[in-house]
Amino acid sequence: MKAVIFDLDGVIVFTDKFHYQAWKRMADDMGIYFDETINNRLRGVSRSESLEIILERYQGTPLSLEKKTNMLKKKNDIYRELLSAMTPDDVTDQVRITLAELRSRGFRLAVGSSSKNAKFILQKVGLQDAFDAVSDGTNIIRSKPDPEVFLKAAEFLDVAPGNCSVVEDACAGIDAAKAAGMLAIGMGDAYRYKKTDIGIKEFCELLQVI
Ligand code: B16
Ligand code: MG
């Protein structure tokens, strides 16, 4: 292994509570039922695909593309406002120490996130210099489970996909890592997933498994 690619939400930071609050406000305004179980289905999924999942419960007249675009903007405006309150305290010491130790062992580190807000989040939590590359929702056409976001990360790092590990919390992200030909390390929801190569319960276990 020469490189480690990290998913962001659910691995490095926990922004799903902000996604939930933002989608909930938008869904309530539209009279659409939305709860935490539905929110769990949005992990690792792009913003526009998330909206389609939420709209499975929508029973009104068909929505125009313009209306959907407005809904996505509204959700993101609320989400960014919530994100702006994040500080370096939103990253645990365990994560910071483990990242620094992996780097000192010579691994190249990247972020591989579906989010278009990834760089903003990294800056808010003071991790903008902790990675050698960031591949995110702004440089891909297809989101997870497509391997594009991880293949781009490997390309940015100039490391062959077969020499990369991915750390993910979403099953769609593990599928993407395997489709990219990478070692898939699963945490949280992905800990027991059938395609996960190695499950870890704590972030610092990376120092033993890589
Ligand atoms: P945005 P990850 C993902 O981040 C989130 O898990 C997912 O819930 C979200 O819809 C997606 O980013 C897009 O985020 O609206 O900020 O572009 O887990 O891939 O780091
Ligand atoms: Mg995630």
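Atoms within a ligand are numbered from 1 in the order they appear, just like the ligands themselves.
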Novice: Which is it for Ser46 and Glu49 under the side chain to side chain donor-acceptor pair (under 3.5 Å) test, yes or no, and what are the steps along the way?
Specialist: CA-CA 5 Å; Ser46 73; Glu49 286 164 332; 2.9 Å; yes
Novice: Checking Asp7 side chain against Val167 main chain: does a donor-acceptor pair fall under 3.5 Å?
Specialist: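 Flag not set: sc Asp7 to bb Val167 has no pair under 3.5 Å.
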Novice: State yes or no: do Val125 and Val11 share one hydrophobic cluster built from I, L, V, M, F, W and Y residues joined by side-chain heavy-atom distances below 4.5 Å, directly or via other members?
Specialist: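 Yes; Val11 is reachable from Val125 via cluster members.
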Novice: Honestly curious: do Met30 and Tyr79 fall in one hydrophobic cluster under the side-chain, below-4.5 Å linking rule?
Specialist: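 Different clusters.
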Novice: Pull out every atom of ligand 1 sitting under 4.0 Å from any heavy atom of Tyr79, numbered as shown with elements.
Specialist: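 Within the 4.0 Å cut-off of Tyr79, ligand 1 contributes 16 (O).
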Novice: Looking only at protein heavy atoms, which one is nearest to atom 8 (O) of ligand 1, and how far off is it?
Specialist: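 Of the protein heavy atoms, Leu42 O, 2.9 Å lies nearest.
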Novice: Quick one: NZ on Lys74 to CE on Met71, what's the gap to the nearest 0.5 Å?
Specialist: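 Rounded to the nearest 0.5 Å, the NZ-CE separation comes to 8.5 Å.
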Novice: Considering only heavy atoms from C-beta outward, does the side chain of Ile5 approach that of Met182 to under 4.5 Å?
Specialist: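 When only atoms from C-beta onward are counted, Met182 and Ile5 do touch, with a gap below 4.5 Å.
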Novice: Determine whether any heavy atom of Gly137 lies closer than 4.0 Å to an atom of ligand 1.
Specialist: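 Contact check Gly137 vs ligand 1: negative.
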Novice: Please state which protein non-hydrogen atom is closest to atom 20 (O) of ligand 1 and give its distance, to 0.1 Å?
Specialist: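 For atom 20 (O) of ligand 1, the nearest protein heavy atom comes out as Ser113 OG, 2.7 Å.
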Novice: Measure the OG-CD distance between Ser113 and Glu168 for me, rounded to the nearest 0.5 Å.
Specialist: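 The distance works out to 8.5 Å.
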Novice: Give yes or no for whether the N/O distance cutoff of 3.5 Å, strictly under, is met between Asn76 and ligand 1.
Specialist: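 Min N/O separation from ligand 1 is not below 3.5 Å for Asn76.
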Novice: In the protein, which heavy atom is nearest to atom 5 (C) of ligand 1, and how far is it?
Specialist: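 In this structure, atom 5 (C) of ligand 1 has Asp9 OD2, 3.4 Å as its nearest protein heavy atom.
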Novice: Looking only at protein heavy atoms, which one is nearest to atom 17 (O) of ligand 1, and what is the separation?
Specialist: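 So the nearest neighbour among protein heavy atoms is Lys116 N, 2.7 Å.
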Novice: Please report whether ligand 1 has a polar contact with Asp169, defined as an N or O pair separated by less than 3.5 Å (distance criterion only).
Specialist: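 No, no N or O pair falls under 3.5 Å.
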Novice: Say you draw a straight line from CD of Gln94 to CG of Leu206; how long is it, rounded to the nearest 0.5 Å?
Specialist: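 That separation rounds to 9.0 Å.
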Novice: If you measure from CD1 on Ile140 to CG on Asp146, what distance do you get to the nearest 0.5 Å?
Specialist: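 Interatomic distance, Ile140 CD1 to Asp146 CG, rounded to 0.5 Å: 8.0 Å.
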Novice: How far is atom 15 (O) of ligand 1 from its nearest protein heavy atom, and which residue and atom is that?
Specialist: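 Answer for atom 15 (O) of ligand 1: Arg47 NE, 2.8 Å.
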Novice: Looking only at heavy atoms, is any part of His19 under 4.0 Å from ligand 1, and if so is it the side chain, the backbone, or both, or is it neither?
Specialist: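 Within the 4.0 Å criterion, His19 contacts ligand 1 through side-chain atoms alone.
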Novice: Can you confirm, on distance only, whether ligand 1 has an N/O atom lying under 3.5 Å from any N/O atom belonging to Gly44?
Specialist: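 So ligand 1 has an N or O lying under 3.5 Å from an N or O of Gly44.
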Novice: Within this structure, what is the NE2-CZ distance for the pair His19 and Arg47, rounded to the nearest 0.5 Å?
Specialist: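 Taking NE2 in His19 and CZ in Arg47, the distance rounds to 8.5 Å.
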Novice: Under a plain distance cut-off of 3.5 Å, with no hydrogens placed, do Tyr191 and Asp169 share a side-chain donor-acceptor pair?
Specialist: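 Note: Asp169 and Tyr191 side chains miss the donor-acceptor criterion.
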Novice: Contact between ligand 1 and Ser50 is defined here as a heavy atom of the residue under 4.0 Å from a ligand atom; is it met?
Specialist: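 It does, in that a heavy atom of Ser50 comes within the 4.0 Å cut-off of ligand 1.
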Novice: Everything protein-side that's N, O or S and under 2.8 Å from the Mg ion (ligand 2): list it, residue and atom.
Specialist: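 Counting only protein N, O or S atoms under 2.8 Å from the Mg ion (ligand 2), the list reads Asp7 OD2, Asp9 O, Asp169 OD1.
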Novice: With heavy atoms of Leu8 as the reference, note each atom of ligand 1 found under 4.0 Å away.
Specialist: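 In order of number, 20 (O).
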Novice: Assess the residue pair Lys73 and Asp77 against the criterion (salt bridge (Lys or Arg N to Asp or Glu O under 4.0 Å)); give the C-alpha distance rounded to whole Å, side-chain angles, the decisive distance to 0.1 Å, and a yes or no.
Specialist: CA-CA 6 Å; Lys73 182 182 178 313; Asp77 287 346; 2.7 Å; yes
Novice: With a cut-off of 4.0 Å, which atoms of ligand 1 are near a heavy atom of Asn117?
Specialist: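 So the answer, numbered in order with elements, is 1 (P), 16 (O).
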Novice: I need the nearest protein heavy-atom contact for atom 9 (C) of ligand 1: residue, atom name and distance, please.
Specialist: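 For atom 9 (C) of ligand 1, the nearest protein heavy atom comes out as Val45 O, 3.1 Å.
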Novice: To the nearest 0.1 Å, how far is atom 18 (O) of ligand 1 from its closest protein heavy atom, and which atom is that?
Specialist: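 I find the closest protein heavy atom is Asp7 OD1, 2.9 Å.
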Novice: What's the separation between atom CG in Asp29 and atom CD1 in Ile78, rounded to the nearest 0.5 Å?
Specialist: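 Rounded to the nearest 0.5 Å, the CG-CD1 separation comes to 7.0 Å.
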Novice: Cut-off 3.5 Å, side chains only: do Asp136 and Asn117 have a donor facing an acceptor?
Specialist: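 Result is no, nothing qualifies.
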Novice: With a cutoff of 4.0 Å, is Glu168 in contact with ligand 1, counting heavy atoms of the residue only?
Specialist: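 No, that is not the case, since the closest heavy atom of the residue is not under 4.0 Å from the ligand.
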Novice: Would you check the N or O atoms of Arg43, main chain and side chain alike, for any that come under 3.5 Å of an N or O of ligand 1?
Specialist: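 Between Arg43 and ligand 1, no N or O pair is found under 3.5 Å apart.
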Novice: Working note: Arg108 + Asp158, criterion salt bridge (Lys or Arg N to Asp or Glu O under 4.0 Å); need CA distance, chi angles, decisive distance, verdict.
Specialist: CA-CA 9 Å; Arg108 307 264 290 147; Asp158 199 19; over 6 Å; no
Novice: Among all protein non-hydrogen atoms, which one is nearest to atom 1 (P) of ligand 1, and what is the separation to 0.1 Å?
Specialist: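 In this structure, atom 1 (P) of ligand 1 has Ser115 OG, 3.5 Å as its nearest protein heavy atom.
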Novice: Would you check whether Ser114 has a nitrogen or oxygen atom less than 3.5 angstrom from a nitrogen or oxygen atom of ligand 1?
Specialist: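 Yes, since at least one N or O of Ser114 sits under 3.5 Å from an N or O of ligand 1.
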